[in-house]
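Some notes on the structure that comes next.
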Protein chains: 2
Amino acid sequence: MAHSDTVTRILDSAESLFAERGFAETSLRSITAQAEVNLAAVNYHFGSKKSLIQAVFARFFTPFYQMVEASLDMHEKRHPEVILTVEEILRFVSRSISKVSEGDRRRLAIFMRLLGLAYNQGQGHLRKFLQNEYRAVSGRVMDLIAKATPELKDEERFWRIHFMLGAAAFTLSNMEHLRAIFEHDFDTQCTEEDVVAMLMPFLGAGVRAQSGL
Amino acid sequence: MAHSDTVTRILDSAESLFAERGFAETSLRSITAQAEVNLAAVNYHFGSKKSLIQAVFARFFTPFYQMVEASLDMHEKRHPEVILTVEEILRFVSRSISKVSEGDRRRLAIFMRLLGLAYNQGQGHLRKFLQNEYRAVSGRVMDLIAKATPELKDEERFWRIHFMLGAAAFTLSNMEHLRAIFEHDFDTQCTEEDVVAMLMPFLGAGVRAQSGL
DNA sequence: GTATGTTTGAAACAGACGTTTGATTTAAGT
DNA sequence: ACTTAAATCAAACGTCTGTTTCAAACATAC
């Protein structure tokens, strides 16, 4: 079927180019050129550039969110009434991300970049899209974190969750650049898994810190 | 003097518009319209849009960096040989930021956004500009953090510093949006100082976390 | 095989962008 | 007052953007 082939090629190219350059900096012409499809194909299949961005996002996020749901369901069935720690929750999320972005590492970067961008654009269509489409799973993760940190006031937990989100989004979306700097500074390689392994205790200790109020 | 007036108005407008919308999304036409100066003035006084962005950055960062230097000098003179904790170092930095962005809160947001962007753009002129111009002060702060965390391996400290940077950059550059979400969720106001007060123990606990390797 | 609906293709569209030009005004120096 | 340099202005430049158009190619069903 010619249709889905073109659609897939566009999504693939858009994904990698968005990850490299960002969204505003990536033109439809560069996407269609790399995908070797006609320029008009984007507007034909997706309607607009905005919708293409959302489609790129959805293609990653939908299976990711289903995987988080499924693994949480499975765990709750096996160990009901068990309260997870923050690190364990993060590990559920991180494992689902790894599985969904299998092979292609850049999918993680583009996902995080989208997440950061969703907050960055003032009247952004992305955050609303995200909020409407995926309220369920994010709400569930929030509840788990709340149960993991009963000592925190709701207000302070709100901010700490966003501190975590910020550290993760910044690190993962700039992973390539940061690893390049690291390699330059230390003359050593450093895998993405290493970085994630270092990130998790940082975040865990952060949310468990003594209150700052 | 007509010159510096035009230059200042351009910088002011650019600063506020960059903070609101980002860089690629802000046109020179919107800047000059808000500044009520001629479109050509930007290229006349700054040369290019890139240089304007760097000028906006420098106007904030230069006094900030001098203030950090000065307050660190003063402290070291009064209490030589005293090893600062991470929170104390962060407080030095944060106080300098507050003093430099006196009155206008948006200057902080734009500064952090620039910092985040410096890492985001692949071949970015901003990171190199930053690295070349302000190597001294950032190196000094790095050394202080190193002394504050002697138990960390250099490699892991590198990453934790960037985790901190990410959490701070994300939170502060999206402060307005996040506060709006917060207000919507909790029906309560929340000052920027409150957020910074909550951020610092989060970062401090994060860098002091047990190693993840 | 003809008709129907879907997908591609090359080309053009209108608009926005950063930048440049050259004339005109403003300010400073002598 | 005259000269010279600096600053402003309106207008245009060429280029790139997302999007639209409409004919050609394709597949599908009868």
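Throughout, protein chains are lettered first and strands after them, A, B, ... in sequence-line order, and every chain is numbered starting at 1.
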inquiry  = Base, sugar-phosphate or nothing for B:S51? Non-hydrogen atoms, less than 4.0 Å.
reply    = nothing
task = Please examine the side chains of B:F64 and B:V68, heavy atoms only from C-beta on, and report whether any two atoms are closer than 4.5 Å.
result = yes
request  = May I ask you to decide if A:T26's main-chain N or O and A:S30's side chain share a donor-acceptor pair within less than 3.5 Å?
outcome  = no
request  = Starting from C1' on D:dC16, measure out to NZ on A:K49 and report it in whole angstrom.
outcome  = 11 Å
query = Contact class for A:A41 (heavy atom, under 4.0 Å): base, sugar-phosphate, or nothing?
reply = nothing
remark   = B:D5 atom CG is separated from C:dA27 atom P, nearest whole Å, by 12 Å
ask   = How close or far is atom C1' of C:dT7 from atom CZ of A:F46, stated in whole angstroms?
value = 14 Å
query = To the side chain of A:N43, which of C:dT20, D:dT19, C:dA10 is closest?
reply = D:dT19
query = Below 4.0 angstrom from OP1 or OP2 of D:dT8, is there any side-chain N or O of B:H45?
reply = yes
Protein-nucleotide distance (A:F23, atom CZ; D:dT17, atom P), rounded to Å = 17 Å
ask   = Taking CG from B:L39 and P from D:dA10, how many angstroms apart are they, rounded to a whole number?
value = 11 Å
ask   = Salt bridge or not for B:R9 and B:D12, using N-O below 4.0 Å?
value = no
inquiry  = Expressed as a whole number of angstroms, how long is the span from B:Y44:OH to C:dG18:C1'?
reply    = 19 Å
remark   = side-chain contact (heavy atoms from CB on, under 4.5 Å) filter on A:D143, not counting sequence neighbours, yields none
inquiry  = Quick test of your reading of the model: are A:R179 and A:D194 salt-bridged, counting only N-O distances below 4.0 Å?
reply    = no
ask   = Taking OP1 and OP2 of C:dT8, is either one under 4.0 Å from a side-chain nitrogen or oxygen of A:T6?
value = yes
query = Hey, does the side chain of A:S16 reach the backbone of A:S13 with a donor-acceptor pair shorter than 3.5 angstrom?
reply = yes
task = Ignoring backbone atoms, test whether B:N38 places a side-chain nitrogen or oxygen under 4.0 Å from the OP1 or OP2 oxygen of D:dA7.
result = no
query = Would a distance-only check, ignoring hydrogens and angles, find a side-chain to backbone donor-acceptor pair under 3.5 Å from A:R29 to A:L39?
reply = no
ask   = What parts of residues 27-34 of chain A reach DNA chain D, counting only heavy atoms under 4.0 Å away?
value = A:S27, A:L28, A:R29
